[in-house]
Amino acid sequence: MSVVEFREEEFSTEFNGQTVLRILGLTKPHWPWLIGFVVTIGVVSALDAYFTFLGKQIIDEGILAGDRVALFQIIRTYALLTIVQVVNVFGFIYLAGVLGERVQYDLRKNTFNHLQNLSLSYFDRTPVGWIMSRVTSDSERIAQLVTWGLLDVTWGLLNIGTAVYFMLVINWQLALIVLMMIPILIIIAAQFKKKILLQFRLVRKINSKITGAYNEQIAGVRVIKALNREVKSLNEFSELTTEMYNASYRAAWLSALFLPTVQFVSALAIGAIAWYGGLQVPVAGITIGGIQAFISYITFMMWPIQDLARVYAEMQHAIASAERVFSLTDSTPEVQDKPDAFDPGSIQGDISFEDVEFFYEKETLILENFNLNVRRGETIALVGPTGGGKSTIVNLVSRFYEPTKGRITIGGQDYTDFSLHAIHTRIGMVLQTPHLFSGTVRENLRYGRLDASAEEIQNAAEIAGAHDFISKLEKGYDTEVGEGGILLSVGQKQLISLARALLADPEIFIMDEATSSVDTLTEALIQQGMAALTDERTSFIIAHRLSTIKRADRILVIENGKILEMGTHAELLEDKGHYYKLYTEQFRRQLEQELDPFQQD
């Protein structure tokens, strides 16, 4: 099968408001929590501002006026409102945590569900590490922006708004001085945002490569150690981490420069208020408490502005993550059901390839004007050189891909009229490299049919020739197989795969190189299981070990997407063509290995 080089989508360096709206849209299913979250923040922000105003009243109406009654009443109000404040602080922190977890859960669940619907071609060209990074770290960063980022933004904007209101109430001339600095801060933010976003996008892109490298290095650790590639692998990984460090450093440096700039503008505003307010004390009659409140409100505004600067930098990072997550969820399956697709109830019938052409992406044609009719219940064996088109044929039968041109029919009807579910649930497949899931032998067998009883599971294992070795395991059918079945041999995993396929009772059976990596004894057991699976089922068997396909109804020699020869084992040997040459060469090598007295096991 062709492997297509993965090229990650490049995103614009412009601020993407549409992406921000999509991120906020993730909270829509949880609007009651969001409303409670915003309301509690609003109460906290309003009370924070009012506390400063109460501080002005304590100085002017209580302490300087010497009015103990007024002072007591103001302090009592302050204490009661503090209790309300504490309750609301608890409320918004709790609601933020719940909302964040719910958004992250939805995002990961929806992303994973979408992956289940994507066509096989998507996984052929997309690295596993890239997908893992989208579902894990990127989803977490988006959820953090939706909750804690939204909290900081809402709190900051409300603080600024309430502060401006109270400053206008106290002295509108001084308030105008403060308001003059806001456009300056907006201009500063505009200058920083493009460069910060560019660096954070680069960080997310490199992070995907690092995750992919982790996956490849761990999965291929045996090959790395066998070929003594540890140092080379470390150097390659170090290059990636160094590249990410440099991009992260640049992003952090720009973000760090942003905050002192904001603080410098804030200091200028406080200095202007102190100077101008001091001049107004004897002239306009502004109180000492008023000046103190004004300076407090400036600080009250500056902290949110500085916090918004931090959130802004984090938002650039989250947007870079969201763009990649949305690029995944926006991808559409290349193989989809027609609007009127249906389940025929059975896909038993003749399978016909009619002038089929196929290529992967925009590469050279794999199949060209390919025609083949497979009778119901017939066993077809496919042999030939690697890359000739054998796997493509069975992938097309399984409708993992669809013909680029021409059509495939089942029972005389174009199989694209059937739903994907109708086809996939009626096809059983055993691959060259069998995949088992973490769990027990019984759980892996039950993947064939989730409602299968213990008796049905054991019966399938017996027919497939797997029961004998399973019963000898420490816990029998309840033995853990390890990740990917690592605790079992290749032959044992193949036998379990056969039993699993047999338990599913498929109408079409496909076996792809299932005996290429097993010993002769295990091959005999697999052939026993194959005989049970192919009995009265339409079957396709891809094999390099030709001894496994002698009983096939027809053997097709496939090369360059064309059928060079076709017939039974005996007929093809008699013709002395390509199949004869393949078979005799393989038989000769097998005899040489068996008769070589110096061969070591």
Side-chain angles (χ1 to χ4, degrees), residues 1-6 120-121 123-128 216 219-220 222-223 226-227 353 356-372 374 379-398 400-401 403-404 429-435 490-491 493-494 497 509-520 522-523 526-527 530 539-550 552 554-567 569 572-573 575 577-590 592-593:
M1 183 180 296
S2 173
V3 178
V4 181
E5 181 182 359
F6 175 70
L120 190 64
S121 56
F123 299 95
D124 283 343
R125 64 173 177 264
T126 308
V128 174
E216 288 185 350
R222 288 179 174 80
V223 176
L227 299 179
F353 287 70
V356 169
E357 288 187 359
F358 180 77
F359 56 80
Y360 295 98
E361 297 293 324
K362 296 182 180 180
E363 297 187 356
T364 307
L365 280 173
I366 305 299
L367 298 180
E368 185 175 5
N369 296 324
F370 186 84
N371 291 278
L372 174 67
V374 180
T379 298
I380 298 294
L382 305 173
V383 301
T386 300
K390 303 184 298 298
S391 294
T392 298
I393 292 171
V394 297
N395 282 333
L396 288 171
V397 170
S398 305
F400 294 145
Y401 299 90
T404 309
M429 183 175 288
V430 178
L431 304 175
Q432 177 180 8
T433 305
H435 183 80
V490 174
K493 288 190 287 187
Q494 284 290 20
S497 297
F509 173 61
I510 295 172
M511 178 169 282
D512 189 353
E513 309 269 10
T515 61
S516 61
S517 302
V518 299
D519 55 63
T520 306
T522 305
E523 180 187 356
I526 291 176
Q527 287 188 18
M530 286 172 55
S539 304
F540 294 83
I541 301 173
I542 299 177
H544 280 307
R545 190 176 288 185
L546 304 182
S547 56
T548 61
I549 58 172
K550 291 181 180 179
R554 273 190 295 168
I555 299 172
L556 278 60
V557 180
I558 307 294
E559 187 172 338
N560 296 325
K562 293 182 173 59
I563 301 175
L564 297 184
E565 294 177 355
M566 181 168 57
H569 176 71
L572 293 178
L573 287 181
D575 290 343
H578 288 81
Y579 181 79
Y580 176 83
K581 183 181 297 184
L582 289 172
Y583 185 80
T584 52
E585 287 180 357
Q586 192 172 106
F587 185 66
R588 184 184 302 112
R589 287 196 301 271
Q590 183 178 344
E592 288 174 352
Q593 291 175 357

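In what follows, every heavy atom counts, from backbone to side chain, and hydrogens, waters and symmetry copies are set aside.
Residues F358 and N395 fail the side-chain proximity criterion, which asks for heavy atoms closer than 4.5 Å.
Exactly one of I558, T392, L372 qualifies for a side chain to side chain contact (heavy atoms under 4.5 Å, CB included) with L367. That residue is T392.
The CE atom of M429 lies 12.0 Å from the OG atom of S497; values are rounded to the nearest 0.5 Å. Between atom CD1 of residue I541 and atom CG of residue L556 there is a gap of 12.5 Å, rounded to the nearest 0.5 Å. Note that CD1 of I510 is 12.5 Å distant from CD1 of I380, once rounded to the nearest 0.5 Å. Atom CG of D512 sits about 4.0 Å away from atom CD1 of I542, to the nearest 0.5 Å. With rounding to the nearest 0.5 angstrom, the CZ atom of F359 is 10.0 Å from the CD1 atom of I366. Note that CZ of R554 and CG of L382 are 10.5 Å apart. Values are rounded to the nearest 0.5 Å.
Counting all heavy atoms, side chain and backbone alike, P403 lies closest to L396 at N-CD2, 3.8 Å. A pairwise comparison of heavy atoms in Y580 and L572 identifies CB-O, 4.1 Å as the closest pair.
Residues passing the side chain to side chain donor-acceptor pair (under 3.5 Å) test with N371 are D355, sequence neighbours excluded. For F540, the ring pair (Phe, Tyr, Trp, His ring centres under 6.0 Å) test picks out no residue, with sequence neighbours left out. Scanning for side chain to side chain donor-acceptor pair (under 3.5 Å) contacts around K581 gives an empty result, with sequence neighbours left out.
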Task: Verdict with supporting geometry, V374 and F353, side-chain contact (heavy atoms from CB on, under 4.5 Å) - done: CA-CA 9 Å; V374 180; F353 287 70; 5.6 Å; no
TODO: Evaluate the criterion side-chain contact (heavy atoms from CB on, under 4.5 Å) for residue pair V557 and E559; output intermediate values, then yes/no.
DONE: CA-CA 7 Å; V557 180; E559 187 172 338; 5.5 Å; no
- [ ] Take V394 and F400, measure what side-chain contact (heavy atoms from CB on, under 4.5 Å) needs, and give me the verdict at the end.
- [x] CA-CA 9 Å; V394 297; F400 294 145; over 6 Å; no
TODO: Please assess N369 against E357 for the test side-chain contact (heavy atoms from CB on, under 4.5 Å), listing each intermediate value before the final yes or no.
DONE: CA-CA 6 Å; N369 296 324; E357 288 187 359; 3.6 Å; yes
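Proximity of a side-chain donor or acceptor of K390 to a complementary backbone N or O of A381 within less than 3.5 Å is not detected. Of the possible polar contacts, one joining the E565 side chain to the Y579 backbone as a donor-acceptor pair under 3.5 Å is found. Under the 3.5 Å distance criterion, the side-chain polar atoms of K550 are left unmatched by any main-chain donor or acceptor of H569.
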